[in-house]
There are 2 protein chains.
Amino acid sequence: MLEDMKSYRSYAAGDAILWRGEPLVFVASVVSGVASLSKTLEDGRTQMVGLLLPSDFIGRPGRTQIDFDVTATTDVTLCCFARRPFEQLVEDTPHVAQRLMELALDELDAARDWMLLLGRKTAREKIATFLDMLARRSQLNTAKGDSSAIGAALHLPMTRDQIANYLGLTLETVSRQFSALKADGIIDVSDRRSVTVKDLARLQDETGDDSDGGILS
Amino acid sequence: MLEDMKSYRSYAAGDAILWRGEPLVFVASVVSGVASLSKTLEDGRTQMVGLLLPSDFIGRPGRTQIDFDVTATTDVTLCCFARRPFEQLVEDTPHVAQRLMELALDELDAARDWMLLLGRKTAREKIATFLDMLARRSQLNTAKGDSSAIGAALHLPMTRDQIANYLGLTLETVSRQFSALKADGIIDVSDRRSVTVKDLARLQDETGDDSDGGILS
DNA sequence: TCATAGTTTTGATCTATATCAATGCTTACG
DNA sequence: CGTAAGCATTGATATAGATCAAAACTATGA
């Protein structure tokens, strides 16, 4: 039984969970907190390439290494399984294999949206997209189908510096864009760790995205 | 037998192969030519989010739609299978399902490398990375283990404009960086569609990448 | 072989964002 | 309380790359 193999691990904000190239001895799922995947250039410039929120999965069937670092962005608890028995489970149960494939494809779609953001969006569009993403996520986690993201305070799971690393900006630019969106009455920035969306429609107009989300055609 | 379902389709350079949101009735593999995946913002800015070279796969098990456009970059021939029987095959043969998972993970790794490029690399580093990638690819396709990429002309499968779309730049910047690398004696640009790498080591130094490719540790 | 259209290169200028630098605001801890 | 130590904001300036504009190739086809 896989249940027997389950164990929990905790990491404090800022701790490394896995280094690039380190052998993957376990796979895990995020129980609480936020972790991030990041890549670094020779001279230290870094770019986040993924964000892991509760219920997200760490690990790749058939691979023993990863080529990015995994870091605890906030305090994080993981639910870990040893890799070998997990892979056995995947082989034995097609249903699980299929689910993992879906997860991989979802990650791929998210990565491609992020490529568009990194390559072509302006600083303001990047911030608007980021906040819109957080708003959608938090809406999912609270009442399903309740459209009251407006008015409710969004918790920012990261510092300005980490947001900058995620969006391919500097922390100063992130701060300035928050201020600008606030001055324009689109958001409110009370506490440094929370943002209130005052006008969701206008925020979404600022993302630069094609409005028809694939509904047409 | 799946063989019975096989058919070939050809597209001229510039033709659309699939539009975003269009129902996916077939899956395919690239036989010859180069196709690209791209995403577009409201106002027309576009970003390539993937390049499909011969042997690459189009299609996603369990999905009936894609949220990017697929376009023929050069003349392209695809080998197509109807989606339904293909999915049946995937369900029945775990070996194929596993292979598809590997392909998805490879694409994900490539997407993440590209995120680092788009978010943090300079124009020169982007061009160097692009050329290095083409050099590696062409080396694989010719003599395995033959390190004579130096001196051999690399064929560029796309115009300056398309390269710019791939790298998150403008075509003018692409052109200027080619000229600069040429002036520095790192490459030679004879024909507009081919580049000769004169100093591969120096080209790789210009990519900004951490030199140890995960070999350490 | 000339004309035309498409692509590429090069030049001049502009601007969004980075960089450098200072000041302000929380939170924690003596 | 008060005083660090982190973060965050704001300001001044620099710069990489975009944008606008023109000229130089290349290929195609009459």
Side-chain angles (χ1 to χ4, degrees), chain A residues 12-15 41 43-47 73-75 117-131 153-184 187-196 206 208, chain B residues 12-14 41 43-47 73-75 117-131 155-184 187-195 206 208:
Chain A
D15 282 3
L41 294 175
D43 65 358
R45 281 170 285 167
T46 81
Q47 174 65 53
T73 299
T74 62
D75 291 351
L117 176 143
L118 292 172
R120 295 300 183 194
K121 288 190 180 182
T122 64
R124 173 178 262 244
E125 288 168 340
K126 287 177 175 181
I127 296 289
T129 305
F130 177 67
L131 292 176
L154 276 179
H155 179 71
L156 302 180
M158 23 167 56
T159 65
R160 300 289 181 270
D161 188 42
Q162 290 168 326
I163 295 171
N165 271 342
Y166 196 28
L167 299 175
L169 297 172
T170 59
L171 68 114
E172 293 95 331
T173 299
V174 170
S175 179
R176 277 185 244 272
Q177 294 300 332
F178 273 127
S179 300
L181 287 171
K182 181 179 178 178
D184 293 348
I187 63 172
D188 222 332
V189 188
S190 34
D191 170 21
R192 46 175 64 176
R193 277 307 187 110
S194 54
V195 164
T196 308
E206 299 282 354
Chain B
L41 294 174
D43 64 358
R45 279 170 287 167
T46 81
Q47 174 65 51
T73 299
T74 62
D75 292 351
L117 176 143
L118 292 171
R120 295 299 183 196
K121 288 190 180 181
T122 64
R124 173 179 263 244
E125 287 168 341
K126 287 176 175 181
I127 296 289
T129 305
F130 177 67
L131 293 176
H155 178 72
L156 302 180
M158 25 172 50
T159 65
R160 300 289 181 269
D161 188 42
Q162 291 168 325
I163 295 171
N165 271 344
Y166 196 30
L167 299 175
L169 297 171
T170 59
L171 69 122
E172 293 95 332
T173 298
V174 170
S175 179
R176 275 185 244 273
Q177 294 300 333
F178 273 128
S179 300
L181 288 171
K182 181 178 179 179
D184 293 348
I187 63 172
D188 223 332
V189 188
S190 34
D191 170 20
R192 48 174 63 178
R193 278 308 187 109
S194 54
V195 164
E206 299 281 355

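On a predicted model such as this, the values are computed, not experimentally measured, just so you know. Within every chain, numbering begins at 1; the chains are lettered A, B, ... in the order of the sequence lines, protein sequences first and strands thereafter.
Under a 3.5 Å cut-off, the side chain of B:D75 and the backbone N or O of B:A13 do form a donor-acceptor pair. Panel note: side chain A:R192, backbone A:R160; no donor-acceptor pair is recorded below 3.5 Å. Here the side chain of A:S175 pairs no donor or acceptor atom with the backbone of A:L171 at under 3.5 angstrom. Side-chain atoms of B:D191 come within 3.5 Å of backbone N or O of B:R193 as a donor-acceptor pair. At least one donor-acceptor pair closer than 3.5 Å links the side chain of A:R45 to the backbone N or O of B:R120.
One can place CD of B:Q177 at 13 Å from C1' of C:dT9, the figure rounded to the nearest angstrom. One atom, CD1 of B:I127, and another, C1' of D:dG17, lie 12 Å apart when rounded to the nearest Å. A straight line from CD of A:Q47 to P of C:dA18 spans 11 Å, rounded to a whole angstrom. Put simply, CG on A:L118 is 15 Å from C1' on C:dT17, counting in whole angstrom units. At whole-Å resolution of the value, CZ in B:R193 and P in D:dC25 are 20 Å apart. One can place CZ of A:R124 at 12 Å from P of C:dA16, the figure rounded to the nearest angstrom. Counting to the nearest Å, the C1' atom of C:dA16 and the CZ atom of B:R45 are 13 Å from each other.
Contact check of residues 156-169 of chain B against DNA chain C (heavy atom, cut-off under 4.0 Å) returns B:T159, B:R160.
Out of D:dA18, D:dG6, C:dA18, the shortest distance to the side chain of A:R192 is found at D:dG6. Candidate nucleotides C:dT19, D:dT19, D:dT9 were compared by shortest atom distance to the side chain of A:L171, and D:dT9 ranks first. Among the nucleotides C:dT19, D:dA18, C:dT9, the one closest to any side-chain atom of B:S175 is C:dT9.
Nearest-nucleotide assignment on DNA chain D puts the 5′-proximal partner with A:R120, out of B:S190 and A:R120. A residue-by-residue look at B:A123 and B:E172 shows that B:A123 has its nearest nucleotide of DNA chain D further toward the 5' end. Annotation: of the two residues near DNA chain C, A:D191 and B:S179, the 5′-most nearest-nucleotide partner is B:S179.
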Practice problem: Evaluate the side chain to side chain contact (heavy atoms under 4.5 Å, CB included) criterion for residues B:M158 and B:F130: first the C-alpha distance (whole Å), next the side-chain angles of each, then the deciding distance (0.1 Å), finally the verdict. | Solution: CA-CA 12 Å; B:M158 25 172 50; B:F130 177 67; 3.7 Å; yes

Self-check item: From CA spacing to verdict: side chain to side chain contact (heavy atoms under 4.5 Å, CB included), B:I163, B:L169
Solution: CA-CA 8 Å; B:I163 295 171; B:L169 297 171; over 6 Å; no

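Residue side chain B:R176 reaches the base of C:dG11 through a donor-acceptor N/O pair under 3.5 Å, judged by distance alone.
Close to D:dG17, at under 4.0 Å from its OP1 or OP2, lies no side-chain N or O of B:T170.
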